[in-house]
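Please read the structure below before turning to the comments.
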Amino acid sequence: MVPETDDAICRQRQTDQPAATLNVAPRLNHMPCANPLRKLFFLALPWVCVVAAWTLLHYSGLVNPGLVPTPAQVARRFWELMSNGKLPLDMLISTQRVLVGVVLGTLLAVPTGFILGWNRSVHVFADPLINFFRALPPIALIPLVVVYFGIGEAAKVVILFYAAFFSGVIVMYEGISQISPIYIRVARTLGATDGEIFRRVIVPLSLPHILTAVRVELGVVWATLVASELIAAQNGLGAMIQNASSFFQLDIIYLGIICIGLIALLMDLILRKVSQRFLNWQDRIAA
């Protein structure tokens with residue numbers, strides 16, 4: 001076998017290097033862009049399909065076109081209401097009402113659900129009452145709320161608080177009742193005090209259920225918003241929808257519904273990010 005000279009080795013390296021560069025560089029340049037573009041595509045695809053189906057429904061002749069405004073008409077109405085400041089004010093007021101109702105409901109639902117899930121005797125006593133009031137639709141309570149709280153802002157918050165509290169209690173109770181007592185027994189075996197058990201065992205195990213309860217409460221409270229703004233509301237997305245229905249302004253009704261859905265979606269996405277931040281110790285199935 002003839003040993004290779006230095007010139008031959010150098011020529012071989014010069015020949016191989018461009019090929020390696022041509023093979024590897026495109027992959028390196030392409031890989032960072034592929035995943036974000038693909039993710040953006042799949043995020044936009046369902047919305048494009050909804051808008052396309054909406055437009056086709058308007059022009060299909062299956063329904064009266066006057067009963068289904070086009071996406072362009074809703075977009076023009078959106079720009080008009082954004083320009084005069086009416087829509088941002090309604091969005092802000094409704095969001096504030098929802099947040100107040102969810103915060104107050106969570107502050108009471110978390111300890112209540114924890115006690116129900118942890119103490120069997122309290123659960124047996126309170127479970128029928130919780131399920132009775134949970135089944136009552138908030139809109140059925142509006143006449144009583146008006147009698148006791150008037151028609152001001154307090155009445156609207158009470159309705160939203162009612163919806164948030166009972167939905168949050170059920171989630172907290174179901175979550176806490178499924179926590180295995182073995183964690184506490186192991187902690188006691190290792191010499192942990194009651195305070196350490198609460199901070200390092202009970203609180204971490206309860207946190208996923210608290211965040212889930214808040215997410216459920218947000219969905220229920222946004223669904224109850226229109227009912228709460230039946231109480232002599234002058235501003236808010238629910239009031240906007242109701243006023244538009246009186247004048248058969250379907251584009252405003254569509255716009256109000258879309259705004260409620262988008263704000264609720266944004267708040268849910270924020271909560272999901274918070275959950276990922278604080279619950280990264282949990283084993284989860286990869287999305």
Side-chain angles (χ1 to χ4, degrees), residues 46-102 136-164 167 217-269:
W47 302 106
V48 172
C49 292
V50 168
V51 173
W54 180 2
T55 305
L56 288 174
L57 179 63
H58 175 83
Y59 292 106
S60 65
L62 298 175
V63 296
N64 186 345
L67 299 178
V68 182
T70 64
Q73 291 173 329
V74 176
R76 284 195 296 269
R77 183 66 73 172
F78 168 79
W79 179 253
E80 175 189 335
L81 295 179
M82 286 293 290
S83 301
N84 61 25
K86 179 71 170 61
L87 184 59
L89 178 62
D90 288 334
M91 294 168 64
L92 177 62
I93 291 176
S94 290
T95 303
Q96 288 177 341
R97 289 170 179 158
V98 167
L99 288 177
V100 171
V102 169
L136 296 177
I139 194 172
L141 303 177
I142 288 179
L144 288 178
V145 171
V146 171
V147 170
Y148 296 128
F149 296 95
I151 59 174
E153 198 67 20
K156 303 171 183 60
V157 172
V158 166
I159 293 293
L160 298 179
F161 163 77
Y162 178 92
S167 59
E217 289 174 18
L218 274 175
V220 174
V221 170
W222 274 111
T224 313
L225 176 70
V226 177
S228 73
E229 292 182 342
L230 282 170
I231 308 174
Q234 300 299 319
N235 294 297
L237 293 173
M240 183 182 77
I241 291 173
Q242 293 169 45
N243 294 334
S245 66
S246 301
F247 298 97
F248 205 68
Q249 296 173 312
L250 296 180
D251 51 354
I252 296 182
I253 295 174
Y254 272 67
L255 177 59
I257 294 171
I258 292 171
C259 288
I260 289 176
L262 289 179
I263 297 174
L265 175 62
L266 177 61
M267 296 174 74
D268 186 71
L269 289 175

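For this chain, numbers begin at 1 and follow the sequence in order.
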Assess whether side-chain contact (heavy atoms from CB on, under 4.5 Å) is satisfied between Ile241 and Glu229, documenting all intermediate values.
CA-CA 10 Å; Ile241 291 173; Glu229 292 182 342; over 6 Å; no
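- Side-chain contact between Leu87 and Leu237 is present, with at least one heavy-atom pair separated by less than 4.5 Å.
- Of all non-hydrogen atoms in Glu217 and Ala164, the two that sit nearest each other are CG-O, 3.2 Å.
- Atom CG of Asp90 sits about 11.0 Å away from atom CD of Gln234, to the nearest 0.5 Å.
- Side chain of Ser94 to main chain of Met91: no donor-acceptor pair is present (N/O by atom type, distance under 3.5 Å, no hydrogens or angles).
- Take Ile93 and apply the side-chain contact (heavy atoms from CB on, under 4.5 Å) test, not counting sequence neighbours, and it matches Leu89, Arg97, Asn235.
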Using the side-chain contact (heavy atoms from CB on, under 4.5 Å) rule, take Asp268 and Leu218 through it: C-alpha gap first, then chi angles, then the decisive distance, then the call.
CA-CA 8 Å; Asp268 186 71; Leu218 274 175; 5.8 Å; no
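- Judged as a side-chain contact (heavy atoms from CB on, under 4.5 Å), and not counting sequence neighbours, the contacts of Phe161 are Leu104, Leu108, Phe165.
- For residues 56-86, no residue pair satisfies the ring-ring contact (aromatic ring centres under 6.0 Å, His included) rule, not counting sequence neighbours.
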Output a table of donor-acceptor pairs, distance under 3.5 Å, between side-chain atoms of residues 143-152 and any protein atom two or more places apart or on a different chain; print 'none' if there are none.
none

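- How far CD1 of Ile258 is from CG of Leu265: 13.0 Å, rounded to the nearest 0.5 Å.
- Atom CE of Met267 sits about 4.0 Å away from atom CG of Leu99, to the nearest 0.5 Å.
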Identify all side-chain donor-acceptor contacts of residues 248-255 below 3.5 Å with residues at least two apart in sequence or on another chain.
{"from": "Asp251", "atom 1": "OD2", "to": "Arg77", "atom 2": "NE", "distance (Å)": "3.0"}
{"from": "Asp251", "atom 1": "OD2", "to": "Arg77", "atom 2": "NH2", "distance (Å)": "3.2"}

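- Nearest heavy atoms, Gly256 versus Met240: CA-CE, 3.4 Å.
- Rounded to the nearest 0.5 angstrom, Lys156 NZ and Ile142 CD1 are separated by 10.0 Å.
- Between the side chain of Gln242 and the backbone N or O of Val226 there is at least one donor-acceptor pair closer than 3.5 Å.
- Shortest non-hydrogen contact noted between Thr224 and Val220 is OG1-O, 2.7 Å.
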What do the steps show when you test Leu225 against Val98 for side-chain contact (heavy atoms from CB on, under 4.5 Å), and what is the final call?
CA-CA 7 Å; Leu225 176 70; Val98 167; 4.2 Å; yes
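- Residues passing the side-chain contact (heavy atoms from CB on, under 4.5 Å) test with Gln96, sequence neighbours excluded: Leu92.
- Here the CD1-OG1 distance, from Ile260 to Thr95, works out to 9.5 Å after rounding to the nearest 0.5 Å.
- Between Pro69 and Trp54, the shortest heavy-atom contact is O-NE1, 2.7 Å.
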